[in-house]
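This report concerns only the one structure given below.
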Amino acid sequence: MSRRRGRDDEDNGFAEWGGYMEAKKSKLREQYKETATKQTEKLSDIFAGVAILVNGLTNPSSEELKQLMAAHGGTFHLYQHASTTHIIASNLPNVKINKLGSVPIVKPSWITDSITLNKLLDYRRYLLYTNQSTSQPKLAFPVVPKPDLDPPSKTKTASDPHFLEEFYSNSRLHLIATLGAEFKQFIADLRDKPERNFPGCEKLLLIPQSKNFVKTTPVVMHIDMDCFFVSVGLRTRPELRGLPVAVTHARNPQINASKEREDAVTLNMDRLPQHMEVVDGRSSMSEVASCSYEARKCGVKNGMFLGAAAKLCPNIKTIPYDFEGYKEVSMILYNTLVSYTLDIEAVSCDEMYVDITDILTIFNLSVEGWATHIRNEIMSKTGCPCSTGFGANRLQARLATKKAKPAGSYHLKPEDVEVYMAEIAVADLPGVGRATLQKLKALGLETCGDVQVASLQVLQKELGVKAGETILEQARGLDRKPLNFHHERKSVSAEINYGIRFKSLEECHNFLESLGNEVWSRLNEVKMRARCVTLKLMVRAADAPVETAKFLGHGLCDSLSKSTTTTHPIVDVRAIHREVKNLYEKMNVEFVELRGMGIQLSKLEKTAPVNPTLNRFLQQQSKKSDIPAKPVVADRPTRGRPRKGTKTQPKNSLSNFFKSKKDSLSQSKLQIRKEDVDLEVLKELPQEIRDEVIKEYNLEATVAAGAKPAPPPLKKETAPPARKSPFSGLQWCQLKPVLYKWMSSEPKPSEVDVNMLGEHFRQLAVDRNIEMLKVAMNFLHRTFSSLDCDWHRAYRDIVDLTQQGMVARYGATLHVNRTFPCCQVS
DNA sequence: ATCCTCCCCTAC
DNA sequence: TAAGGTAGGGGAGGAT
């Protein structure tokens, strides 16, 4: 059942997504809020004579920049005009640049830094492209000397209270890890819902059926986007297709190195691992997150430093990260597959295993027919290529994908497995990494053919009992591990090994607290409790130089960890804070030597499943009282350690809630009748929830017999009947994740939500917020097109409401695309 | 024997 | 400058 069914009030389920929006509040956003609350008040005239146009996504957002300009005497243009003096952008595809003429393109930090220092800074230091002509600015600005921002605040280390947020919004590895976990959860959640519908399957009726009758042997598909980050980036940079391209933070393989840096690099040179070898003091140590196949041909690999990559491939082009784009594309990828089957094991944001046995049999398709269909669909929806591999198990499917890449498909048939496997290099087997490869090399084993004839004893002696056994099976193409559609978390952790340079013990403690808060909130997101806390430290190795070669990197380190296990699950963040500080003390490491820290929570237990109605209520309450919501914890056996498989969970958390309430009530008021306690508890609930609870727990009699039915809460009478839209006041960057979440978590859009959203957009039109409407409509169209027809209808309803607002305000409609390819077919 | 803690390794 | 995270499998060796 949809968690939003039944009640049409202000809460409506969107409230529980508040965490998403609150999670990412940048310093600037706070600054903006400050500005927004006193909008009428002008703060300065820094930007007198400046008229900006914002192009593309920026941070702060366009909307925020608009407010900042208003507050500081500048002008904000929605469209480029002769009087536009600057274009503000964070990154622009080259195509657009040509069209922008001679108006300088400046980074948004020009605005924010100017405000910070309360004077107009020279925009030329903030040009987005340094090769841009600066000779013909529309207005001549005096050259302001480089401002004296105090240096420690400029270089962001973990001493900065906003470091975690800043780091996460730039970390590719963090993104990969968190997206992967989200998609595993996404599949698990969909499988938990009783209803299943696969609208995509209709399309399968249109593709040619297999001539032969399709056998029912199991077929596993492995699907993987080709150099994911690059492909997403090339969607808007078609002129770079076919060229060696890398996604990196740095734009240039060479940097203007300081003497200190050159020295640091030289000092560290002899200890750098092999993949860092070809660097000198002037080459960039920004890592290549993803590179195109053209770059791979030159020997460039993911994870390499840009400086090293450019030595191998001098004409390599760099493009910036586009985290929103990766999320969008992977969302479309998953939504596409999910419209055919839920027999999916999510591996990461761009990769999954799918059991397609049923699809092939039911629709009598050949593997090739299906592969072509699904690859085309993904390509046309995302603009990004993918490869597919097919086999009888996950190993075979995966190795098939390797052969299929790039942009291809390969079916490893059972009769070919033996021959095919013999040629595979051991390095290509999943589970064989750097260390294992070295050991195998030492044994003289390079291909699976070599391993096939090796002895189990030798392999096990060298690699361990388990790994030895596995690799012998793998070498023959066997894989007994079935696809895992249901994924249960065993640990939650947060770890930072970058930017750790503490100047005092206090800074170190503060950072530990931030990390603690981070893991705690993630644990709550997955509705779990933990009994074990582990602190992990990276400590400068005794013989490693104090200055690392890589800017704020961890350098050569020793890795240490220590844990404590508690008898009861932790129910308070402060317990985590306490434990990690204790652990840190016991580990006896000077804070100056720290180069990395992490907290892991394990020995997890599920909190009891929560009644959605009650949960909403509790969350509302906790928001009011500003105490973090405490999910109800499952009952535990009273004696002995809980062991695997002995977890007990109450049937319904509501009964748990009642029980705990009763316990606390009867402690304070001894000798109280059960009925009275029930009435007490009921009194706490708002009217609309109370009715539901009374019914669910058969409390009608109690209420009827009770001295008097609990009076409706006062606020019911005093509260104004008009409800405020849950979206009002949200910036687009805040609203967008909410919409994402909505679309990914609901099989069908509910009428209530659609109306509410449409109503919000109608209001936006009335408020003349056309810019946000355009972005929103574009987004909705793009994203809804990858969902099924119910969503298409929802999209049209939202558009209709928006157009009503437009007509009311402007007497004209907004131009929006209303058609979806799939609707034209049907 | 079996469990627990502290590692190491791998994958994306 | 640069953003080297995160989860799971498994093993060595000590504790029980």
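Lettering follows sequence order; numbering is per chain, from 1.
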I need a per-nucleotide contact map over nucleotides 7-14 of chain C, read 5' to 3'. Cutoff is protein heavy atoms under 4.0 Å; write B for the base, S for backbone only, - otherwise. SSSSS---
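Two residues are said to be in side-chain contact when any heavy atoms from C-beta on lie closer than 4.5 Å; A:K527 and A:K606 fail this criterion. Side-chain atoms of A:H222 and A:M352, non-hydrogen and from C-beta on, never get closer than 4.5 Å to each other. A heavy-atom distance below 4.5 Å is not found between the side chains of A:D350 and A:F183. A:S290 is not listed as a side-chain neighbour of A:F228, based on a closest heavy-atom distance of 4.5 Å or more.
Checked against C:dT1, C:dG4, B:dC7, the side chain of A:S561 finds its nearest nucleotide in B:dC7. Closest approach to the A:A435 side chain among B:dC8, B:dT10, C:dA2 is made by B:dT10 (side chain taken as heavy atoms from C-beta onward). The side chain of A:F551 sits closest to C:dT1 out of B:dC12, C:dT6, C:dT1. Nearest nucleotide to the side chain of A:T436, out of B:dT10, B:dC12, C:dA3: B:dT10. Side-chain proximity of A:H174 to C:dG5, B:dC7, C:dG4: nearest is C:dG5.
For A:S284 and C:dT1, the shortest distance from a side-chain N or O to OP1 or OP2 is not below 4.0 Å. For C:dG4, the OP1/OP2 oxygens have no side-chain nitrogen or oxygen of A:K550 closer than 4.0 Å. The side chain of A:T534 places no N or O atom within less than 4.0 Å of a non-bridging phosphate oxygen (OP1 or OP2) of B:dT5. A close approach under 4.0 Å does occur between a side-chain nitrogen or oxygen of A:Y168 and OP1 or OP2 of C:dT6. At the phosphate of C:dG4, OP1 or OP2 sits under 4.0 Å from a side-chain N or O atom of A:R172. At C:dT1, none of the side-chain N or O atoms of A:S286 fall inside 4.0 Å of OP1 or OP2 (strictly under the cut-off).
In summary, A:R522 and A:E518 engage in a salt bridge, as defined by a charged side-chain N under 4.0 Å from a carboxylate O. Between A:E469 and A:K466 there is no salt bridge, since none of the side-chain N atoms of the basic residue sits less than 4.0 Å from a carboxylate O of the acidic one.
Within 4.0 Å of A:I496, counting heavy atoms only, lie sugar-phosphate atoms of the nucleic acid but no base atom. Among the protein residues, A:G180 comes within range of no part of the nucleic acid, since none of its heavy atoms lies under 4.0 Å from any strand. Residue contacts shown for A:F167 are limited to sugar-phosphate atoms, with no base heavy atom under 4.0 Å away. Base engagement by A:I176 is indicated by at least one non-hydrogen atom pair under 4.0 Å involving a base atom. Among the protein residues, A:G431 comes within range of the sugar-phosphate backbone only, with heavy atoms under 4.0 Å from sugar or phosphate atoms but none that close to a base. Residue A:L164 is out of contact with every strand shown, counting any heavy-atom pair closer than 4.0 Å.
Following rounding to the nearest Å, A:Y334 (OH) and B:dC12 (P) show an atom-to-atom distance of 12 Å. Here the P atom of nucleotide B:dC12 and the CG atom of A:L173 are 13 Å apart, to the nearest Å. Summarising the geometry, the separation between CD on A:E495 and P on B:dC6 is reported as 15 Å, rounded to the nearest angstrom. Atom CG of A:N302 is separated from atom C1' of B:dT10 by 16 Å (rounded to the nearest Å). The nearest whole Å value for the distance from the CG atom in A:N256 to the P atom in C:dT1 is 9 Å. If you take CG of A:L552 and P of C:dG5, they are 13 Å apart, rounded to a whole angstrom. Distance, A:H162 NE2 to C:dA3 C1': 17 Å, rounded to whole Å. Atoms CG (A:D558) and C1' (C:dG4) sit 16 Å apart, rounded to a whole Å.
A stacking contact between A:H249 and C:dA3 is absent: the pair does not combine a ring-centre distance of less than 5.5 Å to the base's six-membered ring with planes differing by less than 30°.
No hydrogens or angles considered: a donor-acceptor pair under 3.5 Å links the side chains of A:K603 and A:T565.
Under the ring pair (Phe, Tyr, Trp, His ring centres under 6.0 Å) criterion, A:F167 pairs with A:F163, A:Y498, not counting sequence neighbours.
Sorted by first and then second residue, the salt bridge (charged side-chain N to carboxylate O under 4.0 Å, His left out) pairs involving residues 394-408 of chain A (not counting sequence neighbours) are A:D224-A:K405, A:D226-A:K405, A:E345-A:R394, A:K402-A:D428.
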